[in-house]
Amino acid sequence: MFEAHSINAEHKDLIHDIAYDFYGQRMATCSSDQFVKVWDEDEHGNWHLTASWKVHSGSVWKVTWAHPEFGQVLATCSFDRTAAVWEEIVGEGSGPGERGMRHWVRRTNLVDSRTSVTDVKFAPKTLGLLLATCSADGVIRIYEAPDVMNLSQWTLQHDISCKLPCSCLTWNPSLSRLHPPMLAVGSDDSNTSNGGKVFIYEYSENSRRWTKTETLSNVVDPVHDIAFAPNLGRSFHTLAIATKDVRIITLKPVQDSAQSGLSRFEITTAKFEDHYCTVWRVCWNIMGTILASSGDDGCVRLWKDNYINNWKCVAVLKGDGTSAQSTETPLTTTPPNHPTGVQQPLSTTRNVTIATVTAEKPTAPIMSTSKWQAPVTKGRFSKSVWLGNPAEPSPLPPPILDRPKSKK
Amino acid sequence: MDETDNAQIIGIPDDLCRKAGIAATWIGSNKIGVHAYKHVSVRKHCEDLCKDLAPFEAKVHSLRPEVILFSAPLRKLVNESNGVFLSIQKMKPSASSDTRPELLKHSKQYRSILRACIENIQDVLEKSTPDYRSTLEQYLTIFYNVECVWHLTEILYIDAIPGEVVLPQLLEWVRFHFPKRELMAAKVLTKKNIASELGNINYWEAIIGCALHGKLEVVRALLSLHSKADHPAFLAAENALRTMPIYNVYGGYSINEFMIRWKHWQLDLLSRLESKTFISEPNLEDIMKLVAGDDTALWDFSEYTDAWYELLAAKLFYSVPCCKQSELSRHANNIAAKWQASKHQDNVILSLMDSELHHVIKEIQYMNDNGWFAAHLTDLLYHCGKLKVIHKHQINVTDQLHEALLLDYGTTLMSHHSLWQVGASYLEHCSEQGLARLETLLQTLSSGSEAKINKIIDIARENNLHNVVNSICKIQGMKCIRQDRLGNALTWALKAQDGAFATYIADQFLKHYAEKGEVMCLDLLENLGNCMLVSDRLTFLGKYCEFHQTYGIGEFKGAASLLVSLLVSNLTPDYFWSTLLWDAVPLLEAEDVILSSEDTFELMRSVEEHGDDPKFQDKIEIFRLAAARNLARALNLEGCQGKH
């Protein structure tokens, strides 16, 4: 069983992306309503809206947090062809209530793209404060804030054209100094004859340039999302791709490939077609042990690998409007005419208990001569890593022998 | 190894999610944020699409799996078992001495912790409210099953069975876990009524239950309470039960000798059965048939058992009393198949008897105990050297399996606000990926109170994760800077021994002084001690504060020499020269000659080199004049002193 907290995000349009900060205690949501909202979790697990402001003049596709070493910093990208960097500052005003007030200010507006900016991601912190964007016209741009104490100065360091419209990008988060900075870009170009849709770029310290070192030629369908898994000491890189199915690709660097002229990586692909249709999003947990994929079938599937790197689906999440088992209460806590644009702290958190609905396949019929009535275990407990097999009825335990209790 | 496990389906009670579809984002290691999501092409706007979905409430659901180990009655289990786990890790794998007895002791400790936990849950259960009751009952079920499997594993794999004859331990195990009918028998016996069969409806059930568990003394005692206990049938039964040979390794007989005696006794009993000695008492006759090893009688009594392994124990006791561990599998499979055992627990126990530990470990991951059992039992077996898991490509993956289970368990605990240190201790013992995980998880935990952050830093230090320490201190320091608390920021920089960061902060202090003429956090800066050596700029700042301090208490000579040493040290930042030079003027103009001619030359050299700061232009003439006057006085004085 899962414990759930539900909040009404109060966006007036679809939410396109949510991002959690490094600690998982702040959440940013962005939407087609051109707003970003920031939510803070209190010690009881309730989320409170602490900021809401108009960030762009078009749909906001993605929102992402910078590493907290750089302060409280967000980046957004939009249909309005721009990306922006936002910083939360603590007010220094002297008026009553002004001191200590927090608000978000736009530090920069990155206007180099001539088409919709489809993704924006901060680089791993070891590379400094770097931001990569990609856009529908097929250009990847890498910006840097040379002085991390002054976020209003950003310089365009590289722009890399990759010919096909870009839909998503991901930095390799590995902090190892054994390999150069790396990023992967996906294209949602629908023409399969254009070849591979995922490109790996690596930065060469010598030439000070980003070069395409690999094209995943076996991914020819449109790619909608892409994510490197946190590396955590592994000797290979793991890349998840959302295309017409879920792909989990491992890239094992090949030694001395420069001389031999062969591929830089030994590539293995695992393919999962469980969604039976297009996959839109992929997301790793911070340890890179479980992947969540969202498909057009309306399901989120969770994939976990075992100790011998076999991936398998361990849970399916799915929207369910009529869940009889939910103990949900009406979710509107703010008055319906709540004035928008006015920032006021409010909590719209409700506790909802979400029960497991069914097992995907019926479990084997229980054949037993036992006369014990099994307690209702309807998925009450599942292994914390969501490996549970909760439909298992078990007999009630016998009384404890050692300490017989007299019944009154 | 085929993976046939089913994924569970979790319904999110949100109509918009149902209509539009959903997307998920991870929060840390095991929480997930879910929201309604519809892919919108970049090239066309989503207005028409959204019309279908209106009116809508865009909700975000954050989900996390319920971890039962975090509930109050189970906290003790988590903490105490951690102690046993750590003491197992401390055991030295020495070739000379057998670690088996030591590990058996640890296994028993684990089991006694489990038992205490079960008893504790029962105590709580009695006082609890009805809706909490069912939860607790489920905990009981889970941990009862865990204990049962653990006990058998201990018998078969950890304990050394004398002579490999497994029956006595097996009986003990069955008796321990199915005490119901023995309690029944005890109740009958305490009444001590003659003709008990009339007063107790479950008289025969108690006898059968005890007979199935091989509790012959109890059976005899119960039979003696029968109203016809002095009839020949009962006397014959008493005689047969009394004389039944029971195998005991230390009994002085070899297995062969024992088998001859036992066969002889069995033949005797069979002939009595054939001669219809017990025919007048059908219940008694059935029991004697069971005792004589009759299979039909055994299965007739299966309704008095709760699990197939109870029947297995009876089967072995009356038919194969010297069953060795290696033969156990065959008998177990026969019984289980006939019983049609198919429950999870059944499969686990059968696999144990089949010596398929790999399968056992796979199954016990589904005990719904959040991995507690799998991690600890696997670790114990691993240290016993009993675990050998071969992957299909003939690769030994035992280490990986062992580590994967510990990693999962440790990671689960790390997600709890007060059990994270326990979790960290498991990760510390995973040689492959443990440190990398610890590195990631510690950093994400490091928010909240300063006490907690310091604890995290200590653990990171113990594990030589210096970059974690640096990063945490940097984040805290940056937070302080943004709140204008430079002193605190400096403390964090010093904690991490982060030179570059300390330089940055020292710069802020100096700039602040250069502009405003006041030193912030004087008490901290005056007490830097050795810490100031972490960065040159900080050293300069520290020394400069010392100069002010010395000057403040009127030690002008000392202050002057500090100032001169700062001037010649080459540590002065460009923006600070004018401040430093201006500080010299009062000393130059003092009534007594404080600065020697050499010092004054040094000052004059510095002003020529660094006095070009525009802020200093209006002061440079004053400085030169003061220096010249002091030089004159100093030379005069030194000249006089030189003569003497």
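Each chain gets a letter, A, B and so on, in the order the sequences are listed, and its residues count up from 1.
Considering B/Leu445, B/Ile475, B/Ile27 in turn, B/Ile475 is the only one that fulfils the side chain to side chain contact (heavy atoms under 4.5 Å, CB included) rule with A/Tyr23.
Both the backbone and the side chain of B/Ser446 come within contact range of chain A, with heavy atoms under 4.5 Å apart. Contact of B/Leu435 with chain A is not made at all, since no heavy-atom distance falls under 4.5 Å. Neither the backbone nor the side chain of A/Ser31 comes within less than 4.5 Å of any heavy atom in chain B. Using a 4.5 Å cut-off between heavy atoms, A/Glu41 touches chain B through its side chain atoms alone. Contact annotation for A/Thr289: only side-chain heavy atoms (C-beta onward) come within less than 4.5 Å of a heavy atom of chain B.
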In sequence, state the C-alpha distance, the side-chain angles, and the governing distance for B/Ile32 and A/Asn285, and then conclude on side chain to side chain contact (heavy atoms under 4.5 Å, CB included). CA-CA 9 Å; B/Ile32 200 165; A/Asn285 70 347; over 6 Å; no
Apply salt bridge (Lys or Arg N to Asp or Glu O under 4.0 Å) to the pair B/Asp14 and A/Lys318, showing each step before the final yes or no. CA-CA 9 Å; B/Asp14 181 337; A/Lys318 158 184 211 177; over 6 Å; no
Worked check of side chain to side chain contact (heavy atoms under 4.5 Å, CB included) between B/Thr25 and A/Tyr20: CA-CA 8 Å; B/Thr25 308; A/Tyr20 293 90; 4.0 Å; yes
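Within the 4.5 Å cutoff, no side-chain heavy atoms of B/Ile10 are placed close to those of A/Val316. Put simply, the side chain of A/Ile15 reaches to within 4.5 Å of the side chain of B/Val60, judged on heavy atoms. A heavy-atom distance below 4.5 Å is found between the side chains of A/Ile290 and B/Trp26.
Aromatic ring pairs are classed by plane angle as parallel below 30°, tilted from 30° to 60° and perpendicular above 60°; the pair B/His39 and A/Trp280 is parallel.
Looking only at heavy-atom pairs under 4.5 Å with chain A, the residue among B/Gly477, B/Gly28, B/Ala404 that has the most is B/Gly28. Among B/Met478, B/Gln400, B/Arg437, the residue making the largest number of heavy-atom pairs under 4.5 Å with chain A is B/Arg437. Between chain B and the residues A/His67, A/Met149, A/Glu43, A/Met27, the largest count of heavy-atom pairs under 4.5 Å involves A/Met149. Considering only heavy-atom pairs separated by less than 4.5 Å from chain A, the leading option among B/Tyr409, B/Trp308, B/Tyr504 is B/Tyr504. Ranking B/Cys148, B/Ala307, B/Gly21, B/Ser29 against chain A, the residue ahead of the rest is B/Ser29, based on heavy-atom pairs under 4.5 Å. For the set B/Ala436, B/Ser62, B/Cys17, B/Ala24, the entry with the most heavy-atom pairs within less than 4.5 Å of chain A is B/Ser62. Of the residues considered (A/Gly298, A/Gly24, A/Cys283), A/Cys283 shows the highest number of contacts with chain B, using heavy-atom pairs under 4.5 Å.
Closest non-hydrogen pair, A/His16 versus B/Tyr37, comes out as O-CE1, 3.5 Å. Across B/Leu63 and A/Ala4, no two heavy atoms sit closer than the pair CD1-CB, 4.0 Å.
Under a 4.0 Å N-O distance rule, the pair B/Arg482/A/Glu88 does not qualify as a salt bridge. Under the 4.0 Å criterion applied to side-chain N and carboxylate O atoms, A/Glu69 and B/Lys479 are not assigned as salt-bridge partners.
Separating the CZ atom in A/Phe22 from the CD atom in B/Gln443 is a distance of 4.5 Å, to the nearest 0.5 Å. Here the straight-line distance linking atom CD of B/Gln365 with atom CG of A/Asn306 works out to 9.0 Å at 0.5 Å rounding. Atom CE of A/Met287 sits about 10.0 Å away from atom CD of B/Gln433, to the nearest 0.5 Å. Atom OG1 of B/Thr440 and atom CG of A/Leu232 lie 4.0 Å apart (nearest 0.5 Å).
For an aromatic pair to be called close, the ring centres must be under 6.0 Å apart, and B/His61 with A/His5 fails this.
In B/Glu432, the CD atom is not crowded: 12 or fewer heavy atoms of neighbouring residues, nucleotides or ligands sit closer than 6.0 Å.
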